[in-house]
Amino acid sequence: QVQVVESGGGSVQAGGSLRLSCALSRSTFSIYSTGWYRQAPGKQRDLVADINNRGITSYVDSVKGRFTISRDNAKNTVYLEMNSLKPEDTGVYYCKILTSAGPRYWGQGTQVTVSS
């Protein structure tokens, strides 16, 4: 059965770093594209970073220069490296995977809390 497992969240002070992982397992198909979404308390879930099938990345303005999305195709894993974290980055982070066959999967979410 296909699984998408997120990990790497936690609580850090402002200026700290975290690396989130999103692993697609037990799938016949590889990752086609992935988006990382953030849902802050009381707010909607918004796209933060994306990497498409060509490896092209995009970021919301508020995280440009601080966050990096990357992919390890051999491991079917996508990462979100978060540096210089700010309290405004606090929220639940979800990965959304589009596989090469078409089906889409959401991760379970991982909490990121940044304190000042």
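Numbers here are sequence positions counted from 1.
Of the possible donor and acceptor atoms, one in the side chain of T77 sits under 3.5 Å from a partner among the backbone N and O of K75. Counting only distance, with no hydrogens or angles, the side chain of S33 and the backbone of I51 share no donor-acceptor pair below 3.5 Å.
Once rounded to the nearest 0.5 Å, the distance linking OG of S11 with CG of L85 reads 11.0 Å. With values rounded to the nearest 0.5 angstrom, S58 atom OG is found 6.0 Å from L47 atom CG. The structure places CD1 of I97 at 7.5 Å from CG of N76, a figure rounded to the nearest 0.5 Å. Between the CG atom of N73 and the CD1 atom of I31 there is a distance of 7.5 Å, given to the nearest 0.5 Å.
In this structure, C95 and V4 have side chains that are in contact, with non-hydrogen atoms separated by less than 4.5 Å. In this structure, the side chains of K86 and R66 come closer than 4.5 Å at one or more pairs of heavy atoms. Using a 4.5 Å heavy-atom threshold, the side chains of F67 and E81 count as separate. Within the 4.5 Å cutoff, no side-chain heavy atoms of T110 are placed close to those of V92. Considering only heavy atoms from C-beta on, Q39 stays 4.5 Å or farther from Y93 through its side chain. Within the 4.5 Å cutoff, the side chain of R26 has no heavy atoms near those of the V2 side chain.
In this structure Y37 satisfies the ring-ring contact (aromatic ring centres under 6.0 Å, His included) test together with W106, sequence neighbours excluded.
In the hydrophobic clustering of ILVMFWY residues, with side-chain heavy atoms under 4.5 Å counting as a link, V78 and L98 come out apart. The hydrophobic cluster containing V48 does not contain Y94, counting ILVMFWY residues as joined when their side-chain heavy atoms lie under 4.5 angstrom apart, directly or transitively. The hydrophobic cluster containing L80 also contains V12, counting ILVMFWY residues as joined when their side-chain heavy atoms lie under 4.5 angstrom apart, directly or transitively. A single hydrophobic cluster is not seen to contain both W36 and V5; linkage of ILVMFWY side chains at heavy-atom distances under 4.5 Å, directly or through other members, places them apart.
Nearest heavy-atom pair, I69 versus Y59, reported as atom, atom and distance to 0.1 Å: N-OH, 2.9 Å. The minimum heavy-atom distance linking P87 with S116 is given by the pair CG-CB, 4.0 Å. Closest approach of S100 to F29, counting heavy atoms only: OG-CB, 3.3 Å.
Summarising the local packing, OH of Y32 is surrounded by 12 or fewer heavy atoms from other residues, nucleotides or ligands at distances under 6.0 Å. Crowding of Q13 atom CD: a count of heavy atoms from other residues, nucleotides or ligands under 6.0 Å not exceeding 12.
T113 and Q111 share a donor-acceptor pair across their side chains, judged by distance under 3.5 Å alone.
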Going by atom type alone, with no hydrogens or angles, which donor-acceptor pairs under 3.5 Å involve a side-chain atom of residues 14-24 and a protein atom two or more places apart or on another chain?
{"from": "S17", "atom 1": "OG", "to": "N83", "atom 2": "OD1", "distance (Å)": "2.9"}

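Salt bridge K64/D61: present, at least one basic N to carboxylate O contact under 4.0 Å.
Figure legend: R71 and Y79 shown without cation-pi pairing, the cationic atom not lying both under 6.0 angstrom from the six-membered ring centre and within 45 degrees of its axis.
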(request) Just do the side-chain contact (heavy atoms from CB on, under 4.5 Å) check on R38 and V63 with the steps written out, would you? (result) CA-CA 11 Å; R38 177 173 64 207; V63 308; 4.1 Å; yes
